[in-house]
There are 2 protein chains.
Amino acid sequence: MSLPHAILTALLEKPSSGLELTRRFDKSIGYFWSATHQQIYRELGKLEGEGLIRALPSEQPARGQRKSYEVLPAGRAELARWTAVAQDPKPLRDTLLLRLRASAVVGTAGLEADLRRHLELHRRQLAEYQQIERRDFPPERDTPQDRLRHLVLRAGIDLETFWTQWLSHALAEFPEPSDDGRTG
Amino acid sequence: MSLPHAILTALLEKPSSGLELTRRFDKSIGYFWSATHQQIYRELGKLEGEGLIRALPSEQPARGQRKSYEVLPAGRAELARWTAVAQDPKPLRDTLLLRLRASAVVGTAGLEADLRRHLELHRRQLAEYQQIERRDFPPERDTPQDRLRHLVLRAGIDLETFWTQWLSHALAEFPEPSDDGRTG
DNA sequence: CACGTTTATGCAACTAGTTGCACAAGCGGC
DNA sequence: GCCGCTTGTGCAACTAGTTGCATAAACGTG
């Protein structure tokens, strides 16, 4: 439902080929809307068919036969429309919480190790976000665009902070190995 | 991938019919793994076919022709297995953040109202969780099971707290109406 | 110059979740 | 006793996202 709009946003920021988009998704927009290259190519085809983007005619030859796309006015209009439409927040779906809940009835065996692993992953992600913040949002730059993008990054930072804290807390009060929380 | 395990957990906590499960999903497990009644019925059929649950033979007659299910040993084993298996956290996917990012290029028109609406929704959800916490987790009850379930609820509470704070912050530094953050 | 590797594009099939609808039985009232 | 409402169960079709694979050009190296 949102992938086409994620792609439109990325292409407005900078016209790109499928592969460039894939790379930029891996390290920017993909932080809050991930996509594989297969999804991206498929969607680029659709968007072109709908007249929302077009292939840049200029640079054709180079290696492979890469095509770069740019957003057409209709595409920009569609993105603006979609941005303004009210949408309900989608309900939380988290397997780790589900597993914790399940462990209250079937025992916590094996779970603690994975909690530690998640904690480490979230710490890493947090560090990565903080590095991006230092690099891309120094105090002096402060256009409205910067402020909006910084807000998005702050959400990522604060979410990872939440997870690291919650996981630390969870591990701290985890049942002893001998007491696995099993009911029957 | 996880719906069957959510159902197994719910059925272990208490054998139920499809409708009862649906209701309990709406106000408990569904907070972190939502499901519609259609999904639940379909999955109950599958689980029964796989021999992980069975219909309780006893109470057949009543209204409609409701069937209650209970978990078989194979089902409990499968849940325990799944709980212990390492799983990667699934990447964040959030349309609101995407829209905010898009608004940096196409303008923030219409977005602020929806941010306010989301703030209100998250405040409500937070209040609901806090009420559940007061009701279900008074200080004196403290079995390992309680502590695990309380941890899950705490995650919900802290997440909603994060969103209300972040949304408040976002609204506070939102561009003035005359300045909509548009680039070109 | 042949052979494996990287770059780049893309199709097809599968899985999970959502939406829309169907149907049957009891319930409540006029 | 019929009519509309609610309860309870369920199928079918659709949508979004994932996984696995196919293809082809250029590159680099022995």
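By convention in this document, chain letters (A, B, ...) are assigned in the order of the sequence lines, proteins followed by strands, and residues within each chain are numbered from 1. What you see below is based on every heavy atom in this structure, not just the backbone, and it leaves out hydrogens, waters and symmetry mates.
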(request) Please tell me which of Tyr69(B) and Ser2(A) maps to the more 5' nucleotide of DNA chain D, matching each residue to the nucleotide holding its nearest heavy atom. (result) Tyr69(B)

(message) Applying salt bridge (Lys or Arg N to Asp or Glu O under 4.0 Å), can you list everything that pairs with Glu133(A), at least two apart in sequence or on another chain?
(response) Arg154(A)

(request) With sequence neighbours left out, write down each residue that passes side chain to side chain contact (heavy atoms under 4.5 Å, CB included) with Ala10(A), or none if nothing qualifies. (result) Leu21(A), Arg24(A), Phe25(A), Ile29(A)

(message) Looking at Arg42(B) and dT9(D), is any side-chain donor or acceptor paired with a base atom of the opposite kind under 3.5 Å?
(response) no

(request) Indicate the atoms forming the closest heavy-atom contact of Gly51(B) with Ala74(B), along with that distance. (result) O-CB, 3.9 Å

(message) Measure OH/Tyr41(A) against P/dA24(D) and give the value in whole Å, please.
(response) 16 Å

(request) Applying salt bridge (Lys or Arg N to Asp or Glu O under 4.0 Å), name anything that partners Glu128(B), two or more places apart in sequence or on another chain. (result) none

(message) Checking Arg135(B) now: which residues fulfil side chain to side chain contact (heavy atoms under 4.5 Å, CB included) with it, not counting sequence neighbours?
(response) Ile132(B)

(request) Would you please name every residue forming a side chain to side chain contact (heavy atoms under 4.5 Å, CB included) with Thr95(B), sequence neighbours left out? (result) Ser2(A), Trp33(A), Trp82(A), Gln87(A)

(request) Give a yes/no answer on whether the side chain of Arg23(B) brings an N or O atom under 4.0 Å of OP1 or OP2 in dG8(D). (result) yes

(message) Under 4.0 Å between a side-chain nitrogen and a carboxylate oxygen: does that hold for Arg149(B) and Asp136(B)?
(response) no

(request) Grab the CD-P distance between Glu43(B) and dG10(D) for me, whole Å please. (result) 14 Å

(message) Closer than 4.0 angstrom, basic N to acidic O: yes or no for Asp94(A) and Lys90(B)?
(response) no

(message) To the nearest 0.5 Å, what is the distance between CG on Asp158(B) and CH2 on Trp163(A)?
(response) 10.0 Å

(request) Could you tell me the separation between the CD atom of Glu20(A) and the P atom of dT9(C), rounded to a whole number of Å? (result) 8 Å

(message) Please report the distance, rounded to the nearest Å, between CZ in Arg24(A) and C1' in dA8(C).
(response) 17 Å

(request) With sequence neighbours left out, write down each residue that passes side-chain hydrogen bond (donor to acceptor under 3.5 Å, both in side chains) with Asp146(A), or none if nothing qualifies. (result) Arg141(A), Thr143(A)

(message) When the axes are fitted on five pairs at both termini, how much does the helix from dC1(C)-dG30(D) to dC30(C)-dG1(D) curve, in 10° steps?
(response) 0°

(message) Contact list please: residues 4-16 of chain A against DNA chain D, heavy atoms, distance less than 4.0 Å, in numerical order.
(response) none

(request) Check every atom of dG17(C), dT9(D), dA8(C) against the side chain of Leu19(A) and return the nucleotide holding the closest atom. (result) dA8(C)

(message) Using a strict heavy-atom distance below 4.0 Å, which residues from residues 88-97 of chain A are in contact with DNA chain D?
(response) none

(request) Starting at atom CG of Asp26(A), determine the distance to atom C1' of dA8(C), rounded to an integer number of angstrom. (result) 14 Å

(request) Check the distance between dG10(C)'s C1' and Glu48(A)'s CD and give it to me in whole angstrom. (result) 13 Å

(request) Mind checking salt bridge (Lys or Arg N to Asp or Glu O under 4.0 Å) for Arg123(B) and listing every partner two or more places apart, or none if nothing turns up? (result) none

(message) Checking Arg81(B) now: which residues fulfil salt bridge (Lys or Arg N to Asp or Glu O under 4.0 Å) with it, not counting sequence neighbours?
(response) Glu78(B)

(message) As an exercise, state the distance from CZ of Arg76(A) to CD1 of Ile53(A), rounded to the nearest 0.5 Å.
(response) 14.5 Å

(request) Rounded off to whole Å, could you give me the NZ-to-P distance for the Lys46(B) and dG10(D) pair? (result) 15 Å

(request) With a 4.0 Å heavy-atom cut-off, tell me which residues in residues 33-40 of chain B come close to DNA chain C, sorted by residue number. (result) Trp33(B), Thr36(B), Gln38(B), Gln39(B)

(message) I'd like to know if Asp26(A) and Arg23(A) make a salt bridge, using a cut-off of under 4.0 Å between side-chain N and carboxylate O.
(response) no

